[in-house]
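The structure under discussion appears below in the form of structure tokens.
Proteins come first, then strands; the chains are lettered A, B, ... in the order of their sequence lines, and each starts at number 1. As the structure is a prediction and not an experimental result, all values here were calculated from the model.
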Number of protein chains: 2
Amino acid sequence: MDTKFKAINDPTRREILQFLVNGPQNAGQIASQFDMSKPSISHHLDLLKQAKLIQADKKGQFIEYKLDKTGFEVIHTWFKTFSTYFEFPKPKIRIEI
Amino acid sequence: MDTKFKAINDPTRREILQFLVNGPQNAGQIASQFDMSKPSISHHLDLLKQAKLIQADKKGQFIEYKLDKTGFEVIHTWFKTFSTYFEFPKPKIRIEI
DNA sequence: TAGATAATTAAGCGAATGTCTAAATTAAAA
DNA sequence: TTTTAATTTAGACATTCGCTTAATTATCTA
């Protein structure tokens, strides 16, 4: 729990997550998106992985990262308490009688 | 944005939010829930207020705090990208005819 | 007006965080 | 096998964070 909130607390890590919405990317491709050293990005990837917000797949010399549902589900559950409290708008449908 | 993620990063602040689901409480009532000095809680409340996750209402000598929809909506919007990506189950709706 | 109560602001300190460069590991290519 | 490339691990350092105690502000009440 703590690990997940810590993971999404950093703006760079949130950007990495956004970037991975486009699909799986290897560490180098991710690093190239940022004006930051590769070791720093590597460290961010590690924290995201620990939080189970991303998954790592070794592909030969490369490591491919992708979003991991596991961690997001936990955050989603946490958030539900509050969305219920405020009754956030549910999707609207039109009914024909 | 940064402010909100920072706010929910701390476990004490998340507990405060959970506590406020029971309804508005003043600073003293909130502080009494934690084994921590009042100034520390006051500081946490300040950060939550800055993040617009809670609202403060001065009631004479007391200050009453309650959950603020504003900040939660922003987090909700951020999260939507990922819940869409994973196609999280949508809330059930009630149909009125 | 004094004194007591609720709460915040201020100052200080150790621990955690994010960044960097340099070194190590692992796998592909020459 | 030697070299090159992808990535991580290690070590160092400045900044931020969360906590405490002491002081301050604001409000109520006797």
Point to revise | Stepwise side chain to side chain contact (heavy atoms under 4.5 Å, CB included) test for B:Arg13 and B:Leu47 | key: CA-CA 9 Å; B:Arg13 289 194 288 270; B:Leu47 292 181; 3.2 Å; yes
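Using modelled atom types, no side-chain atom of A:Lys66 and backbone atom of A:Gln55 make a donor-acceptor pair closer than 3.5 Å.
A nucleotide of DNA chain C counts as in contact with chain A when one of its atoms lies under 4.0 Å from a heavy atom; the first and last such, 5' to 3', are C:dT17 to C:dA28.
Remark: A:Ile30 CD1 to A:Lys38 NZ distance equals 11.5 Å, nearest 0.5 Å. The CG atom of A:Leu17 lies 5.0 Å from the CZ atom of B:Phe82; values are rounded to the nearest 0.5 Å.
Hydrophobic clustering keeps B:Leu20 apart from B:Phe62 (ILVMFWY residues linked when any side-chain heavy atoms are closer than 4.5 Å, directly or through intermediates). B:Leu53 and A:Trp78 fall within the same hydrophobic cluster, defined by Ile, Leu, Val, Met, Phe, Trp and Tyr side-chain heavy atoms under 4.5 Å apart, directly or through other members.
Side-chain nitrogen and oxygen atoms of B:His44 include at least one within less than 4.0 Å of the OP1 or OP2 phosphate oxygen of D:dC19. For B:Lys58 and D:dT27, the shortest distance from a side-chain N or O to OP1 or OP2 is below 4.0 Å. Taking only side-chain nitrogens and oxygens, A:Asn26 comes nearer than 4.0 Å to OP1 or OP2 of D:dT7.
For the pair B:Lys38 NZ and D:dA22 P, the interatomic distance rounds to 16 Å; values are reported in whole Å. Rounded to a whole Å, the NE2 atom of B:His43 is 16 Å from the P atom of D:dT21. As rounded to whole Å, 19 Å separates atom P of D:dA6 from atom CG of A:Asp57. The nearest whole Å value for the distance from the CD1 atom in A:Ile63 to the C1' atom in D:dT9 is 12 Å. The CG atom of B:Asp2 sits 13 Å away from the C1' atom of D:dT16 (whole-angstrom rounding). Rounded to whole angstrom, the span from the CD1 atom of A:Ile30 across to the P atom of D:dT7 amounts to 9 Å. If you take CZ of B:Phe34 and C1' of D:dT20, they are 18 Å apart, rounded to a whole angstrom. Rounded to whole Å, the distance from CG on B:Leu48 to P on D:dG18 is 11 Å.
In this structure, B:Phe72 and A:Phe86 have tilted ring planes: the angle between them lies in the 30° to 60° band.
DNA chain D is contacted by both B:Asp35 and A:Ile41; A:Ile41 maps to the nucleotide lying nearer its 5′ end (nearest heavy atom per residue). Residues B:Tyr65 and A:Phe62 each lie close to DNA chain C; by heavy-atom proximity, the contact nearer the 5' end of the strand is made by B:Tyr65.
Not a single donor-acceptor contact under 3.5 angstrom links the side-chain atoms of B:Gln61 to the base of D:dA26.
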